[in-house]
There are 2 protein chains.
Amino acid sequence: MPADSSTLPEIRLDLAPPDIETPLAAALLLADRNRAGILAILRDGPHCVCELAAALDERSNNVSNHLARLRDAGLVRASRMALDTRRVYYERDEAACTAALAQLRTLLEPTR
Amino acid sequence: MPADSSTLPEIRLDLAPPDIETPLAAALLLADRNRAGILAILRDGPHCVCELAAALDERSNNVSNHLARLRDAGLVRASRMALDTRRVYYERDEAACTAALAQLRTLLEPTR
DNA sequence: GTAGTGTGTCACCCGCGGCTGAGATATATG
DNA sequence: CATATATCTCAGCCGCGGGTGACACACTAC
């Protein structure tokens with residue numbers, strides 16, 4: 001027990017647990033070598049799964065798994081192109097990526 | 001083998017693997033409930049380990065472990081304050097947090 | 001000195017998530 | 001139709017990282 005509690009900082013044991021569910025979900029999506037690589041590669045336009053797999057030196061089914069995660073989160077879109085309907089081309093959803101970045105800002109940007 | 005390769009998009013199997021080490025490291029740091037919570041709580045100023053542990057409903061040694069990770073990455077600083085030298089107060093390094101956010105921008109921001 | 005509190009360190013356990021392999025589906029060609 | 005390529009799905013395995021427990025260390029009060 002402190003001798004002089006008025007000069008000591010008050011200990012706050014009743015701080016509210018912060019709501020970090022959404023930014024945490026965004027961080028978890030980026031916290032994987034292959035998913036981060038996919039998003040980086042797709043910055044320069046759409047690519048098909050086999051191109052991504054070759055660039056990442058991973059198997060296509062593994063890349064497809066990660067693409068499904070990103071697709072479920074809305075960060076990428078899939079589409080078959082007219083002249084090459086066998087392949088599935090993926091492209092970034094820039095609006096969703098910006099939204100995810102905004103979530104991460106709530107963790108890393110000062111409140112001010 | 002395509003019958004008419006001139007009308008089909010060229011498949012790029014020689015894409016360079018992107019360098020994502022630094023943004024990946026930043027994402028891995030944020031991709032944990034307790035570390036994300038610590039950064040969120042510290043937005044409103046320094047707090048000691050026991051306060052963080054209480055807010056996160058975690059044991060102090062566990063919180064201390066995560067603080068060490070954030071400290072090694074430079075995102076937070078530790079200091080003992082004059083009037084309360086028993087406790088260790090942690091505060092965000094806003095410059096480092098901004099730098100980490102800049103790394104994540106390389107994944108989520110359009111290149112333009 | 002001893003006792004008590006706050007924090008740090010580390011080995012260990014264990015669950016979660018990434019990778020794999022097998023199979024299914026889709027599209028094209030012969 | 002059969003064959004080939006590209007992608008998708010999912011159960012299972014396994015390594016990595018977070019939580020725990022025990023202990024050491026730092027500081028205060030007595």
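Convention: sequence-line order gives letters A, B, ...; per-chain numbering from 1. Just the heavy atoms: all of them, side chains too, but no hydrogens, waters or symmetry mates, feed the values below. For clarity, every value in this text was computed on a predicted model and none was experimentally measured.
- In this structure A:R105 satisfies the salt bridge (Lys or Arg N to Asp or Glu O under 4.0 Å) test with no other residue, sequence neighbours excluded.
- In this structure a side-chain-to-backbone donor-acceptor pair under 3.5 Å is missing from A:E58 to A:V63.
- For residues 37-48 of chain A, proximity to DNA chain D is found at A:C48, defined as any non-hydrogen atom under 4.0 angstrom from a strand atom.
- The nearest whole Å value for the distance from the CG atom in B:L52 to the C1' atom in C:dG6 is 13 Å.
- The CG atom of B:L29 sits 12 Å away from the P atom of D:dG17 (whole-angstrom rounding).
- Annotation: side chain to side chain donor-acceptor pair (under 3.5 Å) contacts of A:D57 (sequence neighbours excluded): none.
- The side chain of B:R87 lies closest to C:dG6 when the candidates are C:dG6, D:dT7, C:dG8.
- Applying the side chain to side chain contact (heavy atoms under 4.5 Å, CB included) criterion to A:R71, with sequence neighbours excluded, gives A:A68, A:V76, A:A78, A:Y90.
- C:dT9 atom C1' lies 11 Å from atom CZ of B:R71, rounded to whole Å.
- We find that A:E109 and B:R43 are not joined by a salt bridge, their nearest charged nitrogen and carboxylate oxygen being 4.0 Å or further apart.
- Distances shown here put a side-chain N or O of A:T85 below 4.0 Å from the OP1 or OP2 atom of C:dA28.
- Panel note: side chain A:R92, backbone A:C97; no donor-acceptor pair is recorded below 3.5 Å.
- OP1 and OP2 of D:dT9 both lie 4.0 Å or more from every side-chain N or O belonging to A:S64.
- A:D32 pairs by the salt bridge (Lys or Arg N to Asp or Glu O under 4.0 Å) definition with nothing, not counting sequence neighbours.
- Summarising the geometry, the separation between OH on B:Y89 and C1' on C:dT5 is reported as 13 Å, rounded to the nearest angstrom.
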Per-nucleotide protein contact string for nucleotides 15-23 of chain C (B base, S sugar-phosphate only, - none; heavy atom under 4.0 Å): ---SSBBB-

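- Spacing between atom OH of A:Y90 and atom P of D:dA6 amounts to 15 Å, rounded to whole angstrom units.
- Note: CD1 (B:I11) to C1' (D:dA4) measures 14 Å, nearest angstrom.
- In this structure, A:R77 pairs ionically with A:E91, as a charged nitrogen and a carboxylate oxygen lie closer than 4.0 Å.
- Using a cut-off of 4.0 Å between Lys/Arg side-chain N and Asp/Glu carboxylate O, A:R87 and A:D84 are scored as salt-bridged.
- In this structure, B:D57 places its CG atom 18 Å from P of D:dG18, rounding to the nearest Å.
- In this entry the distance linking CG of A:D84 with P of C:dA28 reads 9 Å, nearest Å.
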